[in-house]
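Everything below concerns the one structure shown next.
In what follows, residues are counted from 1 in the order of the sequence shown.
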Amino acid sequence: MNKSEQFWDGASKNYDKTEERFEYIHSRSRENTKKFLKDGDLVLDYGCGSGTTACQFAGQVKAVHAIDISSKMIELARGKAAAAKAQNIRFEQTDIFNSKYSNESYDIILAFNMFHTVPNPQDVVLRVYDLLKPNGLFISVTPCLRQKMSFLVNLQIQFVSILCKLGLIPIPIRRITSSEVDRLLETGRFITVESEDIYKDASSYYVAARKLRKTYKGK
């Protein structure tokens with residue numbers, strides 16, 4: 001088990017409680033997403049956490065594959081799915097770069113609250129592109145930690161930054177902006193079909209982006 005897995009295993013104990021303060025952002029993001037879901041869709045929920053989003057969307061799609069690097073998060077998620085009697089969700093402790101996932105497998109890929117914590121967001125975008133079917137949809141929500149936030153949230157972020165520098169939090173906490181997310185998606189050959197800046201004590205950026213076809217020189 002690496003340090004990132006250990007960190008998220010530890011965070012799982014109070015994960016849902018700590019996320020309650022941002023429930024407006026989460027609810028708004030999920031509501032924005034529902035209009036894009038179809039009953040024949042195969043969805044990958046990358047960084048599924050405790051499974052709330054996967055469980056809420058399961059009834060609107062064919063199947064959800066939900067992945068997270070934390071075994072404890074996956075345990076929580078499976079419990080939620082069992083309670084909701086959601087039988088079309090497959091939870092797995094793994095990463096999006098696992099070679100078992102084939103190119104052009106998914107209609108929709110979700111990455112909620114991921115870009116600011118992964119080592120290389122551009123690599124993630126390129127991997128998402130490969131895994132999506134032609135014309136597939138990539139839906140992300142990203143906390144924008146260099147944009148508007150309340151005084152208390154700002155203090156919390158400053159404290160977290162110190163802990164990261166000391167090595168006590170072994171994951172990157174990237175202070176990303178919405179314009180940086182736009183550039184990531186554009187560079188990764190996606191075109192935005194819908195976006196929204198969502199604010200409630202902190203700023204998050206919701207984006208639904210369509211996979212563009214690759215272009216080749218001479219064609």
Side-chain angles (χ1 to χ4, degrees), residues 1-2 4-16 19 23 26-27 29-115 117-121 123-142 171 188 190 206-211:
M1 180 185 297
N2 63 37
S4 293
E5 291 175 34
Q6 289 179 325
F7 173 80
W8 289 115
D9 277 355
S12 68
K13 300 173 185 176
N14 298 304
Y15 183 77
D16 285 341
E19 289 299 301
E23 182 54 33
H26 301 324
S27 296
S29 300
R30 290 192 289 265
E31 194 62 34
N32 285 348
T33 301
K34 287 179 180 178
K35 70 172 78 68
F36 295 109
L37 304 177
K38 301 185 294 295
D39 57 12
D41 285 342
L42 179 58
V43 176
L44 177 66
D45 185 2
Y46 166 49
C48 67
S50 62
T52 301
T53 296
C55 289
Q56 288 203 8
F57 291 160
Q60 296 182 248
V61 299
K62 180 180 180 180
V64 180
H65 295 170
I67 62 175
D68 201 282
I69 63 170
S70 166
S71 61
K72 298 298 183 183
M73 290 287 194
I74 294 297
E75 286 178 18
L76 290 172
R78 286 174 176 155
K80 287 183 181 180
K85 298 182 179 179
Q87 299 181 345
N88 63 334
I89 310 175
R90 186 183 75 198
F91 291 104
E92 185 173 4
Q93 181 197 4
T94 189
D95 186 76
I96 197 169
F97 297 99
N98 191 323
S99 59
K100 70 181 288 183
Y101 297 112
S102 302
N103 288 353
E104 300 189 354
S105 296
Y106 295 98
D107 300 285
I108 295 176
I109 295 180
L110 309 175
F112 286 12
N113 304 309
M114 291 298 295
F115 278 149
T117 63
V118 295
N120 193 325
D123 287 348
V124 170
V125 173
L126 295 176
R127 177 62 169 158
V128 167
Y129 184 96
D130 288 339
L131 294 178
L132 279 172
K133 295 177 182 179
N135 210 40
L137 202 62
F138 179 32
I139 303 178
S140 62
V141 185
T142 304
I171 59 173
F190 287 90
Y206 172 91
V207 187
R210 187 77 63 187
K211 174 180 177 176

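At a threshold of 4.5 Å between non-hydrogen side-chain atoms, the residues S140 and M114 do not count as touching. Here the side chains of C48 and M73 are not in contact, with every heavy-atom distance at 4.5 Å or above. Using a 4.5 Å cut-off on side-chain heavy atoms (C-beta onward), F36 and D41 make no contact. Inter-residue side-chain proximity for V207 and T142 is flagged as unmet; no heavy-atom pair is nearer than 4.5 Å. Under the 4.5 Å side-chain criterion, counting only non-hydrogen atoms from C-beta, I108 is not in contact with K38.
Salt bridge annotation for K34-E31: present, with a cationic side-chain nitrogen under 4.0 angstrom from a carboxylate oxygen. Contact check on K80 versus D16 returns a salt bridge, with a Lys/Arg side-chain nitrogen under 4.0 Å from an Asp/Glu carboxylate oxygen.
In this structure Y129 satisfies the ring pair (Phe, Tyr, Trp, His ring centres under 6.0 Å) test together with F190, sequence neighbours excluded. Contacts of N14 classified as side-chain hydrogen bond (donor to acceptor under 3.5 Å, both in side chains), with partners at least two apart in sequence or in another chain: none. For Y101, the side-chain hydrogen bond (donor to acceptor under 3.5 Å, both in side chains) test picks out E92, with sequence neighbours left out. Scanning for side-chain hydrogen bond (donor to acceptor under 3.5 Å, both in side chains) contacts around Y46 gives an empty result, with sequence neighbours left out. With sequence neighbours excluded, no residue forms a side-chain hydrogen bond (donor to acceptor under 3.5 Å, both in side chains) with D130.
A donor-acceptor contact shorter than 3.5 Å links the side chain of N2 to the backbone of E5.
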Taking distance alone, no hydrogens or angles, what donor-acceptor pairs closer than 3.5 Å link side-chain atoms of residues 54-67 to residues at least two apart or in another chain?
| unit_1 | atom_1 | unit_2 | atom_2 | d |
| --- | --- | --- | --- | --- |
| Q56 | OE1 | R30 | NE | 3.1 |
| H65 | ND1 | R90 | NH2 | 3.3 |
| H65 | ND1 | Y106 | OH | 2.9 |

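Considering D45, T52, T53 as possible partners of F112, the one that fulfils the side chain to side chain contact (heavy atoms under 4.5 Å, CB included) test is T53.
Atoms OG and CZ, from S71 and F91 in turn, are 14.0 Å apart once rounded to the nearest 0.5 Å.
I89 and A86 make their closest contact through CD1-CB, 3.7 Å (heavy atoms, listed as atom of the first residue, atom of the second, distance).
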